[in-house]
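Okay, structure first, notes after.
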Amino acid sequence: MNITINHEKISERKTDSGENLLEIKNLKTYYPIKGGFFRRTLGHVKAVDNVSFEIKKGETFGLVGESGCGKSTTGRTILRLLDPTDGQIVFDGNDITNLTGAKLREARKDFQMVFQDPYASLNPMQMVGDIISEPIKNYYPRKKSKEIKTEVMDLLERVGLPSDAYYKYAHEFSGGQRQRIGIARALALKPKLIVADEPVSALDVSVQSQVLNLLKELQDDFDLTYLFIAHDLSVVKHMSDRIGVMYLGNLVEVADKHSIYDEPLHPYTQALISAIPEPDPDKKKERIVLQGDVPSPSNPPSGCPFHTRCPLAKEECSEIKPQLKEVKQNHRVACILYD
Ligand code: SF4
């Protein structure tokens, strides 16, 4: 996908505060596999398997990998839409891993989600004004209607929708406009973190850049931190400051975007990057074609999870599971080639 960057509006952002907004430590999310007459647990799908990373205040952390690699489950577990099986989620200095009830509800004000499918995530029969004001009314029941309406009108303007959108229904809008409504709803409670899960993959290519540029502009305006989940590597590159690459529930490489794209270290990342089309016909690059299918996360291979497809695998790769470790400054990789 070719992305047009709106340079006039997007200034160089400062993400070097060094302070973490989010810390994920050894996160595991397993789904039980039930079967038999008594619906006993027969095994587990290891959707997220011991994942650790951090996101600094104001930065965009991109999570990339093939579909089914666990990136969406990671995002939903962080938002506590799914319960983690193990590990720790620290948000803005507070451990939210096991929060429940009123404390979880209160914490949720600060982290919101932009969903993949704007067609499914909005009620087509609800007026746009009601969709966006709903979270405000839920969290601030004493707030005056007039004040809420002013806030919603302001949000409509900020996401590039006309003020009369307030009185229209979601089904009257195009996909791109609906995603703008979804973004306005996510911003209504002034969150600190937004998890954007494939936010443009359901949209026409012609409007994808507009929505991505809007997300970037809003990041500056609202002081937002993003966890940006996508399978499209050019979209992730455009949006992210740092990137984590996932394979079969595991994080296999983490680095700033330039290192990931210009100097990928993990053989899986190298294969992903080699598949990006090169726009300059004079520059030739060799494509690494991976053999075989991604194994099932209910029965992952022993040792390195990538060893069944890795073109550089050695004998010991089926026995030793490499841990993510720093091999260059701020560049972590899980591969025995760098031990
Ligand atoms: Fe390939 Fe072995 Fe490295 Fe895994 S540990 S990525 S199988 S070389």
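Just follow the structure's listing: the first ligand is 1, and inside any ligand the first atom is 1. Keep in mind that the numbers below use all heavy atoms, side chains included, and drop hydrogens, waters and symmetry copies.
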Identity and separation of the nearest protein heavy atom to atom 5 (S) of ligand 1: I336 N, 3.4 Å
Pair E66-H231, side-chain donor/acceptor within less than 3.5 Å: no
H307 N/O/S atom closer than 2.8 Å to atom 3 (Fe) of ligand 1: no
Neighbour count above 12 (heavy atom, 6.0 Å) for D223 CG: no
Part of C310 within contact of ligand 1 (heavy atoms, under 4.0 Å): side chain
Atoms in ligand 1 flagged as close to L337, the criterion being non-hydrogen separation under 4.0 Å: 8 (S)
N-O pairing of R332 and E326 below 4.0 Å: no
Element-labelled atoms of ligand 1 that are located less than 4.0 Å from some non-hydrogen atom of H266: 6 (S)
Polar side chain donor-acceptor pair, Q88 to T97, under 3.5 angstrom: no
Protein residue, atom and distance nearest to atom 4 (Fe) of ligand 1, heavy-atom basis: C304 SG, 2.3 Å
Audit row: Y226, L193, side-chain contact (heavy atoms from CB on, under 4.5 Å) steps and yes/no: CA-CA 6 Å; Y226 287 143; L193 173 77; 6.0 Å; no
No-hydrogen, no-angle side-chain donor-acceptor test under 3.5 Å, N50 and N26: yes
Protein residue, atom and distance nearest to atom 3 (Fe) of ligand 1, heavy-atom basis: C335 SG, 2.3 Å
Atom 2 (Fe) of ligand 1 - nearest protein heavy atom and its distance: C317 SG, 2.3 Å
